[in-house]
Asker: 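Pasting a structure below so you can have a look.
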Amino acid sequence: MVQRYAPIARWNGSGDWFVSVPAWRLDKIIDRQRVEGVLSVITDELTAIIQTAIANACGAGEFALNLADLTIKLEKPANKQHGDFSSNIALTLKKLTGIADSREIAHTIVKFLPTNSTLLNRAEVAGPGFLNLYLNPDWLHNTLTTIQELKAGYGTSTGREGQNILVEFVSANPTGPISVVNGRAAALGDVLCNLFVSQGAKVGREFYINDALNSLQLEKFAFSVALRYLQELGHSVLVPVSGPDDNDVTEPGTGETSAEPTLEFPKDGYRGEYVRDIARDIVIEIGAKYAYPLALGAEGMAYFRAATLEKMVATQRRALEAFGIKFDTWFYESSLYESGAVDRAIRLLRERNMAYEKDGALWLRSSEFGDEKDRVLVRSNEKATYVAADAAYHDNKLTRGYNHLIDIWGADHHGYVARLKAGVAALGHDTSHLEIVLTQMVSLVRDGEAVIGGKRKGAVIELEQDLIDEVGRDAARFYFLLNSYETPATVDVELAKKQSMDNPVYYVQYAHARLCSIMQKVADELTVMSSEIDLSLLTHPAELDVMRKLADYPAEVTVAADLYAPHRLTRYAMEIAGILNVFYENCRVISGKDDLVSPELSRARLELVSSARIVIANLLGLLGVSAPQKM
RNA sequence: GCGUCUGUAGCUCAGUGGAUAGAGCAUCAGUCUUCGGAACUGAGGGCCGGGGGUUCGAAUCCCUCCAGGCGCACCA
């Protein structure tokens, strides 16, 4: 069985449920015509024109083929000298018609193309038999009219109406702050949600908090905080130091009293500076209420456990909000235990004969659902594993009315995909609407050296403090959205800070601000400008380039949503900004004292400026990046 | 070892089987400044990791090898 979690482009066509591309998404890919905006109308019409020409050629006896087999694909040539659109239809007809020379086929099709089309200006045969189609330029002018009509709606679609998607992302353990490493999934998840909404879907953003009582990590974390708390109260702490000699170091207490005895910090304790911050917070709140040894007793630990969790989650939430992300739900794993959902799921799995006892544990028959082997649901110490909790969790998601679930995980969780799906399937759910998106790893580098260790050793590079506070939200988001999530990334925060002014986000924002500036000037000053708009005056190559790019926008958004590829939008953003700068250099909008521009042309260009501004604003909106009027 | 992802310009990376493989940064050379110079123009730089195969056509699909990341628990 082939297991693939790669995106749509890699779909292998086998149709089994390990393929992470559900059927409805595939439909979207094939059915590009549903993209709203001018472009879809154009491609529909061009396709029809070619289809008719081929049908007529058949009627005239030129070709003998079954028209039902015909699929006409249009593409936008990379080189604009190859026309506004091109088709490879003649090349694909080689076999079907039995005609060896595809140029000959292409010429025949051209012969049967209508000569009276208001859309199609001319067609040429090029290369090995490409059909290059050149359109009358007014289709581009219609693009501006459409943008002015739709405004913020330009680039939206109804293609995903009826979909109710839950996207769970980041879900960092509550034992540390949101790290720069989480930034990629955070930006990806947030923008994907924006994209789905733009396509008509309903979307929920969810953060899952791993706070289960039977997990040891929270105990250790709370214990670490308790020790730091006692240190604040005056106790010395013996802290392990990883180094060549591996000696422990005694850190003196920081409080007024120098109390005994010296406390021992566990080797696998959490040593980050943020742990002290939490401890100091707690000292401020409760003072010495849990002085030694109360802090380490049952009641004290229960307090520290709850207080640390609350503070850590609040810190995470604040960091994500600083990044521009607001989650609809913060889902506590513990709630699944409290509500009995985990027990219920385990009982159900037993009843359905999806689980069996062995070696004192309860096992899930996950191998029957494509997993490599069976997995433990309930350990021999009677505690449930996360497999049980996750199955119950995803069952819960489905009961909340979502018809599509997306989990964004790091690639290091790759091995868990099969067992989660097995768990959900064993509960009787159709897993074709459960999709796991795996982002490739983000590794951290500081001044060229790899940062290793992570939370336990305290080497966390924080998303908020170390990146957002330094370079700003816009640059930070754009940075993470520049590349595909499938590419492993290296983040050097020091380098990112040094180069922050080179961030392409400023290039895009600058283009937007410039357009605003022109519009503002027109509004402020008495400029000579026609009241009538004649868009056909826009014929300069730079103007045509801008309009072509604007026409692409709705399809670009849909593709970005379908392929889960926000980086297409950042790339598009840089391209449109570049094209606009060329326009700006070459085409003066406001007529100056020298009368370089006629009032009519001036008015038409203003329409172009206004439309481009709308598209950039819509685009930056999807990316969660601000579109400033001034910089 | 098994699984999976990645390998494209000096660096970071785009590239939905199509035409001469692109962008940003960096480097070098220009523009000279009437609507915002955070700009524009140009140049250099590539056996698309190697080798087979499928196809009219392959960076893209298949096989294989090489290199790197990640995973392979009664941890989450």
Side-chain angles (χ1 to χ4, degrees), chain A residues 3-6 8-10 12 29 32 73 75 77-79 81-82 86 88 90-92 94-95 100-102 126-130 132 173 175 210 212 215-218 333 358-363 372-373 375-381 383 385-387 389-390 410-418 438 440-441 443 482-484 486-490 492 495 499 501-504 506-507 509-511 513-522 525 527 559 562-563 565 567-568 570-571 574-575 578 581-582 584-594 596-597 602 605-606 609 630-631:
Chain A
Q3 296 190 19
R4 279 208 169 276
Y5 311 108
I8 188 84
R10 306 274 161 69
N12 64 7
I29 297 294
R32 276 290 152 63
K73 204 177 127 198
E75 41 191 84
N79 185 341
Q81 287 170 0
H82 293 148
S86 72
N88 62 354
L91 294 158
T92 61
K94 225 168 144 171
K95 246 184 193 147
D101 184 2
S102 41
F130 288 104
N132 291 344
N173 283 329
T175 53
N210 290 109
S215 87
L216 291 174
Q217 58 168 3
L218 271 188
E333 180 185 9
K358 193 183 91 180
D359 303 333
L362 185 70
W363 295 72
E372 291 168 2
K373 52 185 172 182
R375 307 289 175 177
V376 171
L377 273 175
V378 181
R379 294 169 218 161
S380 48
N381 67 7
K383 287 184 174 179
T385 64
Y386 72 92
V387 177
D390 275 350
D412 53 338
H413 290 70
H414 159 256
Y416 315 131
V417 174
L438 297 174
Q440 287 305 305
M441 304 309 288
S443 50
L482 227 32
N483 301 328
S484 157
E486 291 176 279
T487 310
T490 306
D492 187 327
L495 201 65
Q499 294 183 347
M501 282 313 283
D502 291 330
N503 193 308
Y506 298 113
Y507 186 69
Q509 290 179 320
Y510 178 71
R514 253 185 170 178
L515 298 177
C516 289
S517 168
I518 293 175
M519 294 171 70
Q520 191 59 48
K521 207 164 176 103
V522 171
E525 298 171 13
T527 47
V559 172
D562 290 344
L563 299 182
H567 71 278
R568 283 173 162 272
T570 49
R571 306 256 161 191
M574 291 191 283
E575 286 166 17
N581 280 326
V582 174
Y584 180 87
E585 296 289 329
N586 291 287
C587 305
R588 196 184 161 80
V589 176
I590 300 169
S591 32
K593 44 182 181 291
D594 302 335
L596 294 172
V597 188
S602 189
R605 283 180 172 168
L606 185 66
V609 165
K630 286 179 180 153
M631 294 176 70

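Below, read A as the first sequence line, B as the second, and so on, with proteins coming before strands; counting in each chain starts at 1. Just the heavy atoms: all of them, side chains too, but no hydrogens, waters or symmetry mates, feed the values below.
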Asker: Round to the nearest Å and state the distance from F130(A) atom CZ to G57(B) atom C1'.
Answerer: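 In whole Å, G57(B) C1' and F130(A) CZ are 8 Å from each other.
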Asker: Under 4.0 Å between any heavy atoms, over every strand shown, what does A361(A) touch: base, sugar-phosphate, or nothing? Just pick one.
Answerer: base
Asker: Answer yes or no: side-chain N or O of N88(A) and base N or O of G18(B) forming a donor-acceptor pair under 3.5 Å.
Answerer: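 When only heavy-atom distances are counted, N88(A) does reach the base of G18(B) through a donor-acceptor pair under 3.5 Å.
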Asker: Provide the distance between the two P atoms, one in C40(B) and one in G45(B), to the nearest whole Å.
Answerer: 23 Å
Asker: Rounded to the nearest 0.5 Å, how far apart are CD1 of I590(A) and CZ of R605(A)?
Answerer: 12.0 Å
Asker: Using a cut-off of 4.0 Å on non-hydrogen atoms, how would the nucleic acid contact of R375(A) be classed: base, sugar-phosphate, or nothing?
Answerer: nothing
Asker: Using side-chain contact (heavy atoms from CB on, under 4.5 Å) as the criterion, list what pairs up with A411(A), not counting sequence neighbours.
Answerer: Q440(A), M441(A)
Asker: Give the rounded distance in Å between these two atoms: CG of L218(A) and C1' of C75(B).
Answerer: 13 Å
Asker: Across the strands shown, which category fits H567(A) at heavy-atom distances under 4.0 angstrom: base, sugar-phosphate, nothing?
Answerer: sugar-phosphate
Asker: Sequence neighbours left out, what passes salt bridge (charged side-chain N to carboxylate O under 4.0 Å, His left out) with R568(A)? Give chain and number order.
Answerer: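 In terms of salt bridge (charged side-chain N to carboxylate O under 4.0 Å, His left out), with neighbours along the sequence ignored, R568(A) is linked to E556(A).
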Asker: Determine the interatomic distance between C1' on G10(B) and the same-named atom on G3(B); round to the nearest Å.
Answerer: 35 Å
Asker: Which listed nucleotide (C35(B), C13(B), C70(B)) is nearest to the side chain of R571(A)?
Answerer: C13(B)
Asker: Indicate, with a heavy-atom threshold strictly under 4.0 Å, whether A513(A) touches base, sugar-phosphate, or nothing.
Answerer: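 Base contact.
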Asker: About how many Å separate CG of N210(A) and CG of D390(A), when rounded to the nearest 0.5 Å?
Answerer: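 So the gap between those two atoms works out to 7.5 Å.
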Asker: Under 4.0 Å between any heavy atoms, over every strand shown, what does N132(A) touch: base, sugar-phosphate, or nothing? Just pick one.
Answerer: base
Asker: With heavy atoms under 4.0 Å as the rule, sort K95(A) into base, sugar-phosphate or nothing.
Answerer: sugar-phosphate
Asker: Evaluate the side-chain proximity of P128(A) to L91(A): yes if any heavy-atom separation is below 4.5 Å, no if none is.
Answerer: yes
Asker: Which residue lies toward the 5' end of RNA chain B, M441(A) or T92(A), if each is placed at its nearest nucleotide?
Answerer: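 Closest to the 5' end, via its nearest nucleotide, is T92(A).
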Asker: All N/O contacts under 3.5 Å from nucleotides 25-29 of chain B to the protein, with atom names and distances to one decimal?
Answerer:
none

Asker: How would you label the contact of P488(A) with the nucleic acid (heavy atoms, under 4.0 Å): base, sugar-phosphate, or nothing?
Answerer: sugar-phosphate
Asker: Map T487(A) and E75(A) onto RNA chain B by nearest heavy atom, then report which one ends up closer to the 5' terminus.
Answerer: T487(A)
Asker: So which nucleotide from G18(B), C72(B), C70(B) ends up closest to the side chain of K373(A)?
Answerer: C72(B)
Asker: Measure distances between side-chain N and O atoms of S102(A) and base N and O atoms of C56(B), and say whether any donor-acceptor pair falls under 3.5 Å.
Answerer: no
Asker: Taking only the C1' atom of each, what is the distance from A29(B) to C66(B) in whole angstrom?
Answerer: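 Between the two C1' atoms, the distance is 41 Å.
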Asker: Roughly how far, to the nearest 0.5 Å, is the CG atom of N88(A) from the NZ atom of K94(A)?
Answerer: 12.5 Å
Asker: When all nucleic acid strands are considered with a 4.0 Å heavy-atom cut-off, which category describes K73(A): base, sugar-phosphate, or nothing?
Answerer: nothing
Asker: Which distance, rounded to the nearest 0.5 Å, do you find between the OG1 of T487(A) and the NE2 of H567(A)?
Answerer: 7.5 Å
Asker: Taking the same atom, P, in C65(B) and in C70(B), what whole-Å distance lies between them?
Answerer: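 Pairwise P distance, C65(B) against C70(B), rounds to 22 Å.
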Asker: Can you name the salt bridge (charged side-chain N to carboxylate O under 4.0 Å, His left out) partners of E575(A), sequence neighbours left out?
Answerer: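 Partners of E575(A) by the salt bridge (charged side-chain N to carboxylate O under 4.0 Å, His left out) criterion, ordered by chain and then number, come out as K549(A).
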Asker: Can you run through RNA chain B from 5' to 3' and write each base as (, ), [, ], | or . depending on how it pairs? Watson-Crick or G-U wobble, both distances under 3.5 Å.
Answerer: (((((((..((((....[...)))).(((((.......))))).....(((((..]....))))))))))))....
Asker: Can you tell me, in whole Å, how much space there is between the C1' of C13(B) and that of A19(B)?
Answerer: 24 Å
Asker: For C516(A), answer base if it contacts any base atom (sugar-phosphate contacts may also be present), sugar-phosphate if it contacts only those atoms, and nothing otherwise; contact means non-hydrogen atoms under 4.0 Å.
Answerer: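 Contact class for C516(A): none.
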Asker: State, with a plain yes or no, whether a side-chain heavy atom of I518(A) is found less than 4.5 Å away from one of Y584(A).
Answerer: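 Side-chain contact under 4.5 Å: yes.
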Asker: Distance between the P atoms of G24(B) and U64(B), in whole angstroms?
Answerer: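 Straight-line distance between the two P atoms is 39 Å.
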Asker: Could you give the distance from CG (L482(A)) to CZ (R571(A)), rounded to the nearest 0.5 Å?
Answerer: 5.5 Å
Asker: Taking atom OH of Y506(A) and atom CE of M631(A), what is their separation to the nearest 0.5 Å?
Answerer: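 The CE atom of M631(A) is 7.5 Å from OH of Y506(A), to the nearest 0.5 Å.
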Asker: If you check every side-chain atom of Q440(A), which of G18(B), G69(B), U16(B) has the closest atom?
Answerer: G69(B)
Asker: Which part of the nucleic acid, if any, lies within reach of A78(A) when heavy atoms closer than 4.0 Å are counted: base, sugar-phosphate only, or nothing?
Answerer: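 The residue A78(A) makes no contact with any strand.
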Asker: Treating primed atoms plus P, OP1 and OP2 as sugar-phosphate and everything else as base, which nucleotides of nucleotides 38-44 of chain B get B, S or - for protein heavy atoms under 4.0 Å?
Answerer: BSSS---
Asker: Nearest to the side chain of H414(A) - G3(B), C74(B), C35(B)?
Answerer: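 Ranking G3(B), C74(B), C35(B) by closest atom to the H414(A) side chain puts G3(B) first.
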Asker: Mind checking if S484(A) touches a base, just sugar-phosphate, or nothing, with heavy atoms under 4.0 Å?
Answerer: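 The residue S484(A) makes sugar-phosphate contact but no base contact.
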